[in-house]
There are 2 protein chains.
Amino acid sequence: MAVNDQPNAGVGSGGVRQRSRASIERRILEAAESVFAEAGFNGATTAEIARRAAIPKANLHYYFNTKEELYQQVLTGIVSTWLHTADEITADADPARALAHYITAKIELAREQPIPSRVFANEIIHGAPHLGSYLGTELRAWVDAKAKVIRGWIAAGKMREIDPKHLLFMIWASTQTYADFASQISAVLGKEQLSPQDYKAVARQVTEIILRGCGLTPPAQ
Amino acid sequence: MAVNDQPNAGVGSGGVRQRSRASIERRILEAAESVFAEAGFNGATTAEIARRAAIPKANLHYYFNTKEELYQQVLTGIVSTWLHTADEITADADPARALAHYITAKIELAREQPIPSRVFANEIIHGAPHLGSYLGTELRAWVDAKAKVIRGWIAAGKMREIDPKHLLFMIWASTQTYADFASQISAVLGKEQLSPQDYKAVARQVTEIILRGCGLTPPAQ
DNA sequence: AAAAAACTTGATCATTCGGTCAGAAAAATC
DNA sequence: GATTTTTCTGACCGAATGATCAAGTTTTTT
């Protein structure tokens with residue numbers, strides 16, 4: 001029997017165990033997230049993850065058979081979080097408002113959840129060896145769909161003619177740099193970390209530059 | 001005696017050895033560069049570096065005592081390459097031309113030398129544990145100087161009022177994403193790799209968006 | 001309360017890794 | 001050509017790591 005089969009599956013009264021299992025798995029995943037972000041997949045050790053989760057290493061391997069499986073779950077969690085950040089980019093939306101909302105949301109995410117972002121960035125930098133076909137299938141389809149929306153905006157004369165996909169890459173880069181390269185930005189600015197006001201100013205400036213660059217007028221603050 | 005002391009230092013006729021040493025050290029550094037880029041510092045193994053350099057591992061440790069020393073040399077090489085890419089950003093330059101030149105040069109660099117860029121990016125993502133004080137001293141001074149130039153442009157009414165440092169961060173992010181996250185971009189675009197024309201188009205679009213975003217008129221192609 | 005299932009954990013193993021070492025080979029120096 | 005210096009290399013070592021296992025404890029089920 002596989003050690004990770006759902007215990008008490010379908011048992012209505014068996015809630016305590018399930019809650020406990022979910023709780024400890026979440027604790028392990030959070031610990032893993034931070035260790036993977038700091039050291040990458042290769043540098044991360046199950047011992048360190050177990051230490052941060054405050055459990056013996058053998059117990060960690062009871063919940064997650066291999067380090068690879070743990071890493072996969074972390075990546076999956078990040079990806080599923082990210083898929084719905086651009087929901088406002090739709091055919092009938094106002095381009096300026098939709099893009100401004102997207103950029104602001106991405107900067108917010110960089111501020112609130114920099115750690116998963118770094119795990120993902122690390123994975124991409126090393127050629128995405130653990131992501132399987134995700135980039136070329138799901139993410140590609142997502143980008144194709146959003147690009148189609150933006151091309152629709154352009155065709156309707158709502159914005160200047162630009163390449164939609166490279167615009168998306170530019171938005172990703174300009175926003176995620178505040179999560180992925182935070183150590184560089186902090187050091188260069190001489191600040192331990194950016195304040196909420198800093199992030200707000202960043203969101204405003206990035207939004208302004210990109211919208212004006214697309215021939216749009218940024219919405220009033 | 002330290003094993004890496006320069007042999008025949010100052011001996012005019014000892015050129016062959018020196019050339020040979022320089023040549024093999026370069027081969028090792030190139031091998032190390034690619035391994036560090038693919039696996040990060042922790043994931044890289046001296047055995048794999050030696051294999052790619054086509055020498056026994058013990059011989060690698062003859063030229064570079066520790067993996068750390070090898071990594072430091074790789075990082076140092078990258079940094080010194082990067083320091084002079086924005087030489088055109090000077091007080092009396094035309095902002096549009098200077099920024100356009102900088103962005104184009106950075107995209108070129110992303111195309112020609114993506115591997116060192118990835119080593120550096122990896123280092124930053126993990127909190128720059130091997131970079132010592134470089135970010136907070138030299139790079140910070142560099143950014144301060146360039147920011148001062150840009151602030152001068154703004155004061156002279158040559159461009160819209162923006163935060164110069166975050167503009168630089170945005171340029172770094174938008175250009176280096178084509179080196180650091182190349183695997184993601186290729187997969188999403190469904191191309192094995194971008195063509196020179198693709199890079200040219202990217203440089204043009206990034207330049208246009210950023211310059212217009214700064215209230216500047218992009219120079220004609 | 002007995003039996004079964006789920007969970008916990010210290011001890012342990014095989015493998016891998018960075019680095020060392022002694023001695024051989026090659027080159028330079030005299 | 002003898003001596004010294006530099007370069008090369010297989011064999012080896014201690015430490016760290018991912019994973020396992022057997023023997024427990026706790027919880028659930030009957």
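Just so it is clear, the values below take in all heavy atoms, side chains as well, and ignore hydrogens, waters and symmetry mates.
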For [X] and [N], what is the distance between atoms [atom1] and [atom2] respectively, to the nearest whole Å?
X: A:Ile24; N: C:dA6; atom1: CD1; atom2: P; answer: 16 Å
X: A:Arg51; N: C:dT9; atom1: CZ; atom2: P; answer: 16 Å
X: A:Glu68; N: D:dA19; atom1: CD; atom2: C1'; answer: 14 Å
X: A:His61; N: C:dG10; atom1: NE2; atom2: P; answer: 15 Å
X: B:Ile28; N: D:dT7; atom1: CD1; atom2: C1'; answer: 12 Å
X: B:Glu48; N: C:dT16; atom1: CD; atom2: P; answer: 14 Å
X: A:Asn59; N: D:dG24; atom1: CG; atom2: C1'; answer: 13 Å
X: A:Asn65; N: D:dC21; atom1: CG; atom2: P; answer: 11 Å

Decide, yes or no, whether a salt bridge links [X] with [Y] under the criterion of side-chain N to carboxylate O below 4.0 Å.
X: B:Glu25; Y: B:Arg21; answer: yes
X: B:Arg52; Y: B:Glu38; answer: yes
X: B:Arg27; Y: B:Glu30; answer: no
X: B:Glu48; Y: B:Arg51; answer: yes

Would you give the length of the straight line joining atom OG1 of A:Thr46 to atom CG of A:Leu60, rounded to the nearest 0.5 angstrom? 6.5 Å

Nucleotide of D:dG10, C:dG19, D:dC21 approaching B:Ala58 most closely (side-chain heavy atoms): D:dG10

When A:Asn42 and B:Ile55 are each assigned the nearest nucleotide of DNA chain D, the 5'-most assignment goes to B:Ile55

Under 4.0 Å between a side-chain N or O of [X] and OP1 or OP2 of [N]?
X: A:Tyr63; N: C:dT8; value: yes
X: B:Arg21; N: D:dT6; value: no
X: A:Tyr62; N: C:dC7; value: yes

How is A:Ala50 classified with respect to the nucleic acid when contacts are heavy atoms under 4.0 Å: base, sugar-phosphate, or nothing? nothing

At less than 3.5 Å, do the side-chain atoms of A:Lys57 and the base atoms of D:dG18 form a donor-acceptor pair? yes

